[in-house]
Amino acid sequence: MERIHLAALELLERVGMKDPTPTVTDLARSKGCRTDDAGRLLLPCALVEDTIASAARGFVLHGQKPVHDLEAHANRVHFATGGAAVKMLDSESREYRPSTLEDLFDLARLCDTLPNIQWFARPVVATDIHDWRELDLNTVYACACGTAKHLGSSITLPEHVSDVVAMLDMVLGKDGAFRRRPFLSVHATTVVSPLAFAQDSSDVATAAARAGMPILSLTGPQSGATAPVALAGTLVQVVAETLAALTAINLVRPGHPVIAGGWPFVSDLRTGSFAGGGGEQALLSAGMAQMMTYFDLPSGVAASMTDSKVPDNQSGYEKGVTSTLTALSGPTFVYESAGMTASLLGCSLEAMVIDAEMISSVRRCMRGIEVTDDTLSVEVIEEIVRGPGHFLGHNQTLAMMTTEYVYPEIADRTPIDDWRERGSPDMWERAGARVREILASHYPRHVGTESDALIRNRFPIRLSREAVFPRAERGQLTP
């Protein structure tokens, strides 16, 4: 880890970052940085190391309700959705179609019921909205109405940040309430690989920092395409880019809450296309998590990004390998952890339910085996060996069966004959039944109808009131 650390610092000092914004350039020069003849901003090792030492740690990421508050600290692992899929695997036709705003709302409602997912980051793009301002406002609105958990979304342009904050103040019912409990983090891809700042996203991050909005600062180099083919080289580059983004944000607002989100990706070098489900992806995500733990920085990495188009065996083994290895490496957040298909181009309601159940087993692996005098069970073994010869009715078995083990609800453990009697349903079918049950009944009420009406009077909300409050049309809710 030390060698990767030193190589990343060397890159930032020798090669630097292309296209810094004027704001970042001016602030960096005031700290002793300089630009080279090509206009690249060179970041001295001392400045980057000072940023790492003074960066925010242990801050709270709020939910709309305190029960959903999260502490962002290294080695405390949480699971989040995420992505920007433009296609939805339709539950009825089982065919892909463009994703919509209503899909996003349904995914948020589903996530609201899944305890293994702590952060709802927008998984799909509402392709039915084409105006950028309307897209940003409606995306955040659909997420905020669908779940009371912490939220994440990109914001297209910096001038939209103030509108988003104003709308979220209205969700909470008071001016300035969002700054006191900022329950939305902006996903800002502030760096474009290799080693260049993204102007619009950097400006969004600057606006978000000034508005008190937490930032998931992202960079996504792709090994063999926009990063070296050597996995160690990709790690060096993604660490350098992540530290550059962290430094830039801290220049704007020292100590601002930032999730260091380096997402090193993999290319299938036969085709050049993204490949998110292999062992190499697991290694890179785990390696990045370990590097950010080494720096003691709150971090976010991506896993569970299957290349399969449906929730099948390929999806299961790719998601299981990447999510388990990544989570065991100790990032603060594992993103893309549920619902994503088709190399992040698709999303599925059924996959989200299946993946959330998979996370139960991942979390059990993370908890490990507790070794105490009681769990070593020497006396219990002796008692059973000299007595009934089995442990099924023992007090220890009854006392620990729900704490030592995880029991799936979607996965099938029944005998073959029982499974056949139920029509031989596969995992996809069983998950579909659970999705239908949840979406038919779960309509969160943490955003009241009065707040909703005020938001609709001020902003161009496209999600129908009947979709959010389905009983309102029958007069059972007060407008």
Side-chain angles (χ1 to χ4, degrees), residues 8 11-31 33-44 47-48 51 82-84 86 121-122 125 129-137 139-140 152-165 184-222 225-227 237-254 256-265 300:
L11 266 182
L12 293 176
E13 190 162 71
R14 282 178 44 193
V15 181
M17 298 293 294
K18 182 182 178 183
D19 296 333
T21 65
T23 298
V24 169
T25 299
D26 290 344
L27 291 168
R29 284 176 174 164
S30 72
K31 297 292 184 179
C33 299
R34 65 181 182 86
T35 53
D36 65 12
D37 293 340
R40 302 185 69 89
L41 181 65
L42 306 180
L43 300 174
L47 175 63
V48 179
T51 299
V86 294
R122 173 217 58 189
V125 176
I129 300 178
H130 304 291
D131 179 87
W132 284 0
R133 177 175 177 271
E134 290 191 18
L135 177 63
D136 287 343
L137 288 166
T139 295
V140 173
S153 179
S154 63
I155 296 177
T156 311
L157 295 173
E159 51 265 34
H160 299 170
V161 170
S162 59
D163 278 342
V164 168
V165 170
L184 171 81
S185 292
V186 66
H187 292 198
T189 308
T190 50
V191 171
V192 176
S193 302
L195 296 171
F197 285 111
Q199 179 80 43
D200 285 343
S201 288
S202 294
D203 287 340
V204 168
T206 295
R210 289 172 172 166
M213 185 181 293
I215 298 170
L216 170 60
S217 178
L218 294 172
T219 174
Q222 199 164 332
T226 56
Q237 182 179 311
V238 71
V239 168
E241 292 174 343
T242 302
L243 294 179
L246 181 70
T247 300
I249 295 168
N250 275 267
L251 286 170
V252 172
R253 192 164 186 255
H256 185 72
V258 177
I259 304 296
W263 292 7
F265 293 138

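- Proximity of a side-chain donor or acceptor of D136 to a complementary backbone N or O of T156 within less than 3.5 Å is detected.
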Assess the residue pair V252 and R210 against the criterion (side chain to side chain contact (heavy atoms under 4.5 Å, CB included)); give the C-alpha distance rounded to whole Å, side-chain angles, the decisive distance to 0.1 Å, and a yes or no. CA-CA 8 Å; V252 172; R210 289 172 172 166; 4.0 Å; yes
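- A side-chain donor from one of S217 and T190 sits under 3.5 Å from a side-chain acceptor of the other.
- Closest of all the heavy-atom pairs between V24 and L41 is CG1-CD2, 4.2 Å.
- Among the candidates V48, L43, T51, the single residue satisfying the side-chain contact (heavy atoms from CB on, under 4.5 Å) test with L243 is V48.
- Under a 3.5 Å cut-off, the side chain of E159 and the backbone N or O of R133 do not form any donor-acceptor pair.
- A distance of 12.5 Å separates OG1 of T247 from CG of L27, quoted to the nearest 0.5 Å.
- In this structure, V192 and F197 have side chains that are not in contact, with every pair of non-hydrogen atoms separated by 4.5 Å or more.
- With no hydrogens or angles considered, no side-chain donor-acceptor pair links Q222 and S193 at under 3.5 Å.
- To the nearest 0.5 Å, atom CG of residue L137 and atom OG of residue S153 are 10.5 Å apart.
- Atom CG in L157 sits 9.5 Å away from atom OG in S201 (nearest 0.5 Å).
- Atom CD in E13 sits 10.0 Å away from atom CG in L47 (nearest 0.5 Å).
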Side chain to side chain contact (heavy atoms under 4.5 Å, CB included) between L184 and V140, worked out: CA-CA 8 Å; L184 171 81; V140 173; 4.1 Å; yes
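- For the atom pair D203 CG and T23 OG1, the distance stands at 6.5 Å (nearest 0.5 Å).
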Test side chain to side chain contact (heavy atoms under 4.5 Å, CB included) applied to L195 and E241, step by step: CA-CA 6 Å; L195 296 171; E241 292 174 343; 3.7 Å; yes
Between T189 and T219, does the side chain to side chain contact (heavy atoms under 4.5 Å, CB included) criterion hold? Intermediate values first, please. CA-CA 6 Å; T189 308; T219 174; 5.8 Å; no
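- For the residue pair V204 and I155, the shortest heavy atom distance occurs at CG2-O, 3.4 Å.
- In plain terms, the two heavy atoms of M213 and H256 that are nearest each other are O-NE2, 2.7 Å.
- In this structure, the side chain of R122 engages the main chain of G83 through a donor-acceptor pair within 3.5 Å.
- Rounded to the nearest 0.5 Å, atoms OG1 (T35) and CG (L42) are 7.5 Å apart.
- Nearest approach of A196 to M17, heavy atoms of both residues: N-CE, 3.6 Å.
- Across all their heavy atoms, V238 and G262 have their closest contact at CG2-CA, 3.8 Å.
- The nearest pair of heavy atoms linking Q199 to T21 is NE2-CG2, 3.7 Å.
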